[in-house]
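Treat the numbers as computed from the prediction; the structure is a model and nothing was measured.
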Amino acid sequence: MISTIEVYSPKTLVEAYHRLQELNGRAKLLAGGTDLMVQLHDRVGVAPAYLNIWNLDELRGIAEAGDHLRIGALTTYTQIIKSPIVKQYCPILIEASQTVGGVQIQNRGTLGGNIVNASPAGDTLPILAAFEAQLELGSHRGVRVVPFNEFYTGYRQTVLAPDEMVVAVRLPKPASSEQLFFQKVGSRQALVISKVVMACKAQVDAERRMHSIQIGVGSVAPTVIRLRQTEALLKGQVLTEELIESARKLAMQEVKPITDVRSTAQYRRTITGNVLVGFLRHM
């Protein structure tokens, strides 16, 4: 069945844009293929055509750009893991990348692919949510910038137009005083899809007053989400055990998990609260 599918391999980004326009929604993008090949094997969501963008080096690389890092959509997890710039500004993105499959998957899987695959369990996505990253979406019409937290409209649904692709991620540099946190909970240490995955970015002073906090969570709703109510509860308050307990209970209420083959909804609620408590107590 795979051999009957149309596959196009543009040599430049401009050529890719025009091919997407020409295919008018008939094509899916093929980058590292770590998720797509599984879907093709299972005959799930097979498209009539695929646009292989793996060779577009214009979409690779990590660079400082003023107040943010610009990460090309085709940048692999391995490139992120080895990046001194990411290590300096967002070491939790390295932690998350190291939890993605094994080394072979890290060599082929890309940050853009993790975003566009739109799985609520994507390991890097809670970090992009907590950092309030922005996405550059390119097409033959130009480039528009969309906040990551407005990119998903539902389960496996995004604001991408049929002729658009994610070309880069703009990741704001955190303040030097901000503390970062990432934790993935799964059945085992490696090669596992998360039951709960959380990233936090927060600023607390010497008196333990929380000046800012942003919490991104995955695997607990149809898309990766921010815990906005819990953030509002904590912001401006002094971290006491009573406040931490209130935050735990509110976080459990905010998530909307399902029961599936990996876990029960109640387990995911409980773990979400417990992981948040672990972060708050260590600040």
Side-chain angles (χ1 to χ4, degrees), residues 32-39 41-42 44 75-82 86-87 90-131 133 148 152 155-156 179-201 214-227 230 247-248 251-282:
T34 53
D35 289 306
L36 202 57
M37 297 310 290
V38 175
Q39 295 169 13
H41 180 270
D42 294 340
V44 175
T75 303
T76 66
Y77 299 115
T78 297
Q79 290 171 316
I80 290 170
I81 290 167
K82 293 180 177 180
V86 176
K87 183 178 181 180
C90 190
I92 59 173
L93 187 57
I94 293 177
E95 287 183 50
S97 298
Q98 289 170 328
T99 72
V100 178
V103 172
Q104 295 93 335
I105 297 294
Q106 293 164 11
N107 286 340
R108 288 288 301 196
T110 65
L111 184 60
N114 204 210
I115 295 167
V116 175
N117 188 45
S119 166
D123 293 319
T124 64
L125 305 186
I127 296 172
L128 304 186
F131 269 67
F148 175 80
Y152 300 113
Y155 179 69
R156 302 274 188 178
Q179 298 187 40
L180 309 179
F181 172 81
F182 172 82
Q183 187 169 348
K184 174 179 175 178
V185 178
S187 297
R188 53 197 173 99
Q189 290 294 317
L191 297 172
V192 67
I193 300 173
S194 67
K195 297 180 177 182
V196 173
V197 56
M198 181 183 292
C200 304
K201 185 161 77 83
Q214 287 136 233
I215 309 165
V217 194
S219 288
V220 294
T223 69
V224 63
I225 60 172
R226 284 276 296 277
L227 299 185
T230 306
R248 183 182 70 83
M252 291 174 63
Q253 293 173 14
E254 274 200 87
V255 298
K256 307 296 180 188
I258 60 171
T259 296
D260 61 16
V261 294
R262 297 199 307 278
S263 188
T264 66
Q266 184 55 43
Y267 177 84
R268 286 184 161 117
R269 287 185 190 278
T270 301
I271 292 301
T272 299
N274 291 349
V275 170
L276 179 62
V277 166
F279 171 57
L280 296 175
R281 283 182 176 162
H282 283 86

Regarding Thr76 and Gln106, do their side chains bring together a donor and an acceptor under 3.5 Å, going by distance alone? no
Smallest heavy-atom separation, Val217 atom then Val224 atom, equals O-CG2, 3.1 Å
Write out all pairs satisfying salt bridge (charged side-chain N to carboxylate O under 4.0 Å, His left out) with one or both partners inside residues 264-280, taking only residues at least two apart or from two chains. Asp260-Arg268
Please report the interatomic distance OG1(Thr75) to CG(Leu111), rounded to the nearest 0.5 Å. 7.0 Å
Which atom pair, heavy atoms only, marks the closest approach of Ile80 to Ile94? O-CG1, 3.5 Å
By side chain to side chain donor-acceptor pair (under 3.5 Å), which residues pair with Thr34, not counting sequence neighbours? none
Please identify each residue that fulfils side chain to side chain donor-acceptor pair (under 3.5 Å) with Asp35, with sequence neighbours left out. Asn117
As an exercise, state the distance from CD1 of Ile215 to CG of Leu276, rounded to the nearest 0.5 Å. 5.0 Å
Cation-pi geometry met for Lys201 and Phe131 (6.0 Å, 45°): yes
If you take all heavy atoms of Ala121 and Arg262, which pair is closest and at what distance? CB-NH2, 4.1 Å
Side chain to side chain donor-acceptor pair (under 3.5 Å) contacts touching residues 270-281 (sequence neighbours left out): Glu241-Arg281, Gln266-Thr270
Within residues 104-113 or reaching into it, pairs that qualify as salt bridge (charged side-chain N to carboxylate O under 4.0 Å, His left out) - sequence neighbours excluded: none
I'd like to know if the side chain of Gln183 reaches the main chain of Val275, judged simply by a donor and an acceptor atom lying under 3.5 Å from each other, with no hydrogens or angles considered. no
Taken to the nearest 0.5 Å, the spacing of Leu180 CG from Glu95 CD works out to 9.0 Å
Any heavy-atom pair between the side chains of Ser119 and Arg156 that's under 4.5 Å? yes
Apply side chain to side chain donor-acceptor pair (under 3.5 Å) to Ser194 and list each qualifying residue two or more places apart in sequence or on a separate chain. Ser219
Let me confirm one number: the CZ-CE distance from Phe279 to Met198, rounded to the nearest 0.5 Å. 9.5 Å
Would Leu227 and Val255 satisfy side chain to side chain contact (heavy atoms under 4.5 Å, CB included), going step by step from the backbone distance to the final call? CA-CA 8 Å; Leu227 299 185; Val255 298; 3.9 Å; yes
Could you report the tightest heavy-atom contact between Thr110 and Gly32, atom names first, then the distance? CG2-N, 4.3 Å
Partners passing side-chain contact (heavy atoms from CB on, under 4.5 Å) against Tyr267 (at least two apart in sequence or in another chain): Val185, Lys195, Ser263, Thr264, Ile271
Sequence neighbours excluded, the answer for side-chain contact (heavy atoms from CB on, under 4.5 Å) partners of Ala96 is Thr124, Ile127, Phe182
Side chain to side chain donor-acceptor pair (under 3.5 Å) partners for Ser97, two or more places apart: none
Which residue pairs satisfy the salt bridge (charged side-chain N to carboxylate O under 4.0 Å, His left out) criterion with at least one member in residues 119-129, sequence neighbours excluded? Asp123-Lys184
List the atom of Pro126, the atom of Gly122, and the distance in Å for their closest heavy-atom pair. CD-O, 3.3 Å
Counterpart residues, side-chain contact (heavy atoms from CB on, under 4.5 Å), relative to Thr223 (two or more places apart): Tyr152, Ile225
Please report the closest heavy-atom contact between Val100 and Tyr77, naming both atoms and the distance. CG1-CE1, 3.5 Å
With sequence neighbours left out, what residues match Arg226 under salt bridge (Lys or Arg N to Asp or Glu O under 4.0 Å)? Glu132, Glu231
